[in-house]
Amino acid sequence: MFKISTAPHFQTTDDTRHIMQDVIIALMPAAFTAILFFGLNALLVILTSVAGCVLFEYLACRYWLKTSNTTTDLSAVVTGLLLAYNLPSSMPLWMTLVGCFVSIIIAKACYGGLGKNIFNPALVGRVFLFISFPVQMTTWPKPELGNIFELDAQTGATTLGILKHLDGSTSATSLQGDLPEYWEMFFGNIGGCLGEVSALALLLGVIYLIWKKVITWHIPFYYVATVFLITSIMWLITGKQSYDPITHILSGGLLLGAFFMATDYTTSPMNKKGQIIFAVGCGVLTVIIRLWSAYPEGVSFAILIMNAFVPLIDKYVTPRLYGSRR
Amino acid sequence: MEYTILLSILVLGVTAFISAVVLYLVSRKFAIPEEEKVSQIEEVLPQANCGGCGKAGCHDFAITCAHADAKTFSKLHCPVGGNEVMKKVAKILGFKPTVKEATVSVLRCNGTCQNAPAKIQYDGIFSCRVANKVSCGQTGCPTGCLRLGDCVKVCQFGALSIDKKTGIPVIDEDKCTSCGACVRTCPRQLFEIRNKSPKGNMVYVACRNTQKGAIARKNCKAACIACLKCNKINPDIKVENNLSYIPNTVSADDYGQELAQSCPTGAIIFTHCGDKKHD
Amino acid sequence: MTKLKTFPLGGIHPDKYKITTDSPIIDAGLPEIVYIPVKQHIGSPAKILVSKGDKVKVGTLLADADGIVSADVHSSVSGEVIKVESIEGEFGYLEDMITIKVEGDDFEPSIDRSTDINREIELSKEEIIAKIREAGIVGMGGAGYPTPVKTSIPENKKVDTLILNGIECEPFLTADDRLMVEKAEQIVIGAKIINKILGIQNAIIAIDENKPHAIETLSKITKTYVGVNVQVCATKYPQGGEKQLITAITGREVPSRKLPIDVGCIVQNVGTVFAVYEAVMKNKPLFERIVTLSGDACLHPANYRVRVGTPASFLIDKSGGITEKVSKVIFGGPMMGTAAFNINAPITKITSGILLLSEELSHKTEPQDCIRCGKCVEACPMGLQPYLIGRNVRNEKFSELAACHVLDCIECGCCAYTCPVHLPLLDYCKIAKSELKKK
């Protein structure tokens, strides 16, 4: 018996699972550096987070949304990885699970599941933890290369924390330590969240994603470029070290956010023009929060705030219609 | 300290009072004057907003009723509420209620999986509208039911469902309000609102195929082949374009049984008091 | 190397599967019975002139154009008319067809059957248009718009460019490709003929870069013809779309609900141009065309020269028949063609291919929820937002569709092709269009 159907009779072999697989592959270098610098603790946090997210996703699908099981599309794994990358390696595991709950149940399932959430689930989880458990969320173990089994590592400050204090009049060096060198930031030998420390690992990941055509270069580029532009203008005007553009780009969660969080399909605009506006908005907000607010880091808040604008951007920024040019 | 508390109470109190006054004035100023009758009628209407009466919704219908005179009112009818509701509306307006015969929607196709086996598999979006454009459907009958249930989706009253055995929709006569949503939706115009006889019977031709008998029968055993047998029983039944149509004037009570039995293919369906059976 | 021309908005790169690029055109031969539909074009069906029992020859007029937007239909075989009635077409709906039983292969004497190439265009503009009309030529790329109507320029419009569409961007199809290789000079002369009608001097043959043989052959020949040039374009679907091709070649954009003529362009498929050459130079009406028989479930893919009205099943049998693997038979290309209900349906003037596709290639995956990836927006060559159209259709918000510019949709299927959750976006667009047209 033949089949009949509407055109096209030919479809891409791509699907959500493939896309998520590619994202997971792209996130692997960062996991590797995290374990390299923060030891088995990092691995534990990552595994807990991924397992927690998958579990909550399964429970939500099974008992609440009553939809088909969407854990197989691996989107929960990506959320879990991203959440873990936003936590310090010393994070108590039960708190990680709380983060998973918030990410999957509150930020995703409440809206109806994959594709319907307004805010990036991993970021909602992170911000929830950050506000609920500020002490644990800002205890940064010092990276110790290769010292995998050392569980009681020393703690230190993040680059941005040091920058924040540089800005103040108190002597930074006595309390916080020196600013790391650029190469240290590039390879990841700095304090910070699990996944955000190594610029190199994240860069490898994003190049893979762009090569696989999972994302386009627009959001990462415009986001980073905006931050670079504003901080360099500030730097040139004031000459203060706290505005050093390269430090700003290499430190904190900027690259992780720009490469993997802001590019999340569901919570970013649908067309190029909208994406550029979104990315520039993220960049501006990040710089404002970093330089002039009480928090040293602003990537999560910036992306979440811009997420809220996405429906508006999608409504008013539409692609150019064919035939509108004469 | 006390001064501060007093001050805040005062400020809030005054603000609240001023706002209340403003709200009151604004609501008076912009109030939409509504006739009492309209709101009274609206209360008795079913509020299904189905558009079955031909108006944009229950509110629109209520306005039309309120403005109608005795003559135009007799033409207005709410199919969902039926005679009950129209009696109440008539009482509000002081008119004499007109009693309409009970109606129900019927499917003029008997192309069940058994009568018209699928020749091809439809592999696409579940929408009759789309399938109608792509091909004549799984059965090969260009006028038959496509079995994809657009009608089920539009029925607000849950009166339609696809019978898993036969593949075609069945109508729950108790739930059907003859609002006509299915009539408007079906891309092949297979639904018809028909009168029930006083005894609650119906007789109709469940086929819309205008192909020649032999061709139509190739695709569906239950196709009308225009054999004219029904026409001999009652000459009011017209057979045109290789297709018979039983008008509402042919009494189902008197002729129904006979017509259904005379039809050689089973295209004529006689239903009795709600026990509707296809096949 | 300079950047190849292409259209700027959207587009996709489906796998090409051009397996028959190097297979020369084979004559399909004569079937026992042909079914010739009287409507093989856009517009009103032609009026039938013959009746049961009439003897016809190859090229005999069977049905006469009814009105301006219509086309003559000629017999493609010689024999006896055995039926003039409605027969199941490719969709299973009844269509008016003339059924002819084939007896011998007699041509009308007026047809010049020699293989020489006539190069001199001696006829006047009016005579040429009359010949094209008499030959029943329609756009052979798929739309089937009568050619005489398309080439008649209204008084107030001006045309400066003739574009020959040799893009054939659909996967699998190679009919135009082979025609350009084997009948290159005829196509160029055809272009000169149409140029004469339009009263202009230049014609551009657009070919995409995945047809090296055609590019080579035509580039060589166009050197001796002033005004006819080959333009190589980058390979991208749907470059063969009229509007996309105009933008690719000239950079002009056809405004919404306007015709190519409004931006001074006329686009003709190379198959049509070849038919124009044959009609004008050889007095040959349009009764045969090149058809690609291909598909991943086809045993012997090939390019055939087929008489109009030949049942598709005749060709399929020639290529190894229907095997277990075949799950869909497509008339046309896989992106825009139609899945056939009835494989005995005839090949018409606008059928460019018959494809036998396997279940693996053509199956439709169960759609999931939209993940807002934006790939459909990126792929749409018209700058529409298919996800939004789909959402409005699903939620029955038909009032909001007008703002989505759905009527500009060219139904190329890029959105549905590229969707990773396999939403039937093209179907939604079609529903939206029909809803809008209802109002």
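Throughout, a chain's letter reflects where its sequence line sits, starting with A, and its residues are numbered from 1.
Note on Lys430(C), Gln385(C), Met336(C): by heavy-atom pairs under 4.5 Å with chain A, the leading option is Gln385(C). Interface remark: of the candidates Leu357(C), Ile330(C), Val421(C), Ile330(C) forms the most heavy-atom pairs closer than 4.5 Å to chain A. Between chain A and the options Gly332(C), Cys414(C), Pro334(C), Cys380(C), heavy-atom pairs under 4.5 Å are most frequent for Pro334(C). Each of Gly115(A), Pro269(A), Gly274(A) has some count of heavy-atom pairs under 4.5 Å with chain C, and the biggest count is that of Gly115(A). The residue among Leu355(C), Ile343(C), Asp408(C), Thr365(C) with the most heavy atom pairs within less than 4.5 Å of chain A is Ile343(C). In terms of heavy-atom pairs under 4.5 Å with chain C, the best-connected choice from Asn271(A), Thr6(A), Asp264(A), Asn117(A) is Thr6(A). Chosen from Phe91(C), Phe341(C), Tyr417(C), the residue pairing most often with chain A at heavy-atom distances under 4.5 Å is Tyr417(C). Each of Glu411(C), His363(C), Glu359(C) has some count of heavy-atom pairs under 4.5 Å with chain A, and the biggest count is that of Glu359(C).
Across all non-hydrogen atoms, the minimal contact from His422(C) to Asp14(A) is CE1-O, 3.4 Å. Residues Ala7(A) and Asp427(C) share a closest heavy-atom pair of O-OD1, 4.2 Å. When all heavy atoms of Gly413(C) and Pro8(A) are compared, the closest pair comes out as O-CG, 3.8 Å.
Residue Cys419(C) touches chain A through its backbone alone, counting heavy-atom pairs closer than 4.5 Å. Using a 4.5 Å cut-off between heavy atoms, Leu114(A) contacts chain C through both its backbone and its side chain. Residue Pro424(C): no heavy atom, backbone or side chain, is found under 4.5 Å from chain A. Contact of Lys272(A) with chain C is made through the side chain alone, with heavy-atom distances under 4.5 Å. Contact annotation for Lys243(C): both backbone and side-chain heavy atoms come within less than 4.5 Å of a heavy atom of chain A. With a 4.5 Å cut-off on non-hydrogen atoms, Tyr387(C) touches chain A through its side chain but not through its backbone. Leu9(C) touches chain A through its side chain: at least one heavy atom from C-beta onward sits under 4.5 Å away, while N, CA, C and O do not. Neither the backbone nor the side chain of Ala403(C) comes within contact range of chain A; no heavy atoms are under 4.5 Å apart. Looking at Thr216(A), the atoms closer than 4.5 Å to chain C (heavy atoms on both sides) all sit in the side chain, from C-beta outward. Heavy atoms closer than 4.5 Å to chain A are found in the backbone of Thr338(C), but not in its side chain. Only the side chain of Ile322(C) comes within contact range of chain A, with heavy atoms under 4.5 Å apart. Proximity to chain A (any heavy atom under 4.5 Å) is shown, for Leu384(C), by both the backbone and the side chain.
Ring planes of Tyr17(C) and Phe10(A): perpendicular class, angle over 60° (limits at 30 and 60°).
For Phe128(A), the CZ atom sits in a loose shell: 12 or fewer heavy atoms of surrounding residues, nucleotides or ligands are nearer than 6.0 Å. The 12-atom threshold is exceeded at OH of Tyr93(C), counting heavy atoms of other residues, nucleotides or ligands nearer than 6.0 Å.
Rounding to the nearest 0.5 Å places OG1 of Thr418(C) at 10.5 Å from NZ of Lys213(A). In this structure, the separation between NZ on Lys116(A) and SG on Cys370(C) is 9.5 Å, given to the nearest 0.5 Å. Atoms OG1 and CD1, on Thr266(A) and Ile371(C) in that order, are 6.5 Å from each other to the nearest 0.5 Å. Distance CG/Asn342(C) to CD1/Ile4(A): 11.0 Å, rounded to 0.5 Å.
Arg372(C) places a side-chain N or O within 3.5 Å of a backbone atom of Ser268(A) that can act as its donor or acceptor partner. Remark: side-chain polar atoms of His9(A) are paired, donor with acceptor, to backbone N or O of Gly337(C) under 3.5 angstrom.
Side-chain contact of Ser362(C) with Lys3(A): a donor-acceptor pair under 3.5 Å is absent, judged by distance alone. Ser256(C) and Tyr322(A) are not linked by any side-chain donor-acceptor pair at a separation below 3.5 angstrom, with hydrogens and angles left out of the test.
A 4.5 Å side-chain heavy-atom check between Leu321(A) and Met382(C) finds every atom pair outside the cut-off. Contact check for Ser5(A) versus Lys328(C): side-chain heavy atoms found under the 4.5 Å cut-off.
Residues Glu253(C) and Arg320(A) are paired through a salt bridge, judged by an N-O separation under 4.0 Å between the basic side chain and the carboxylate.
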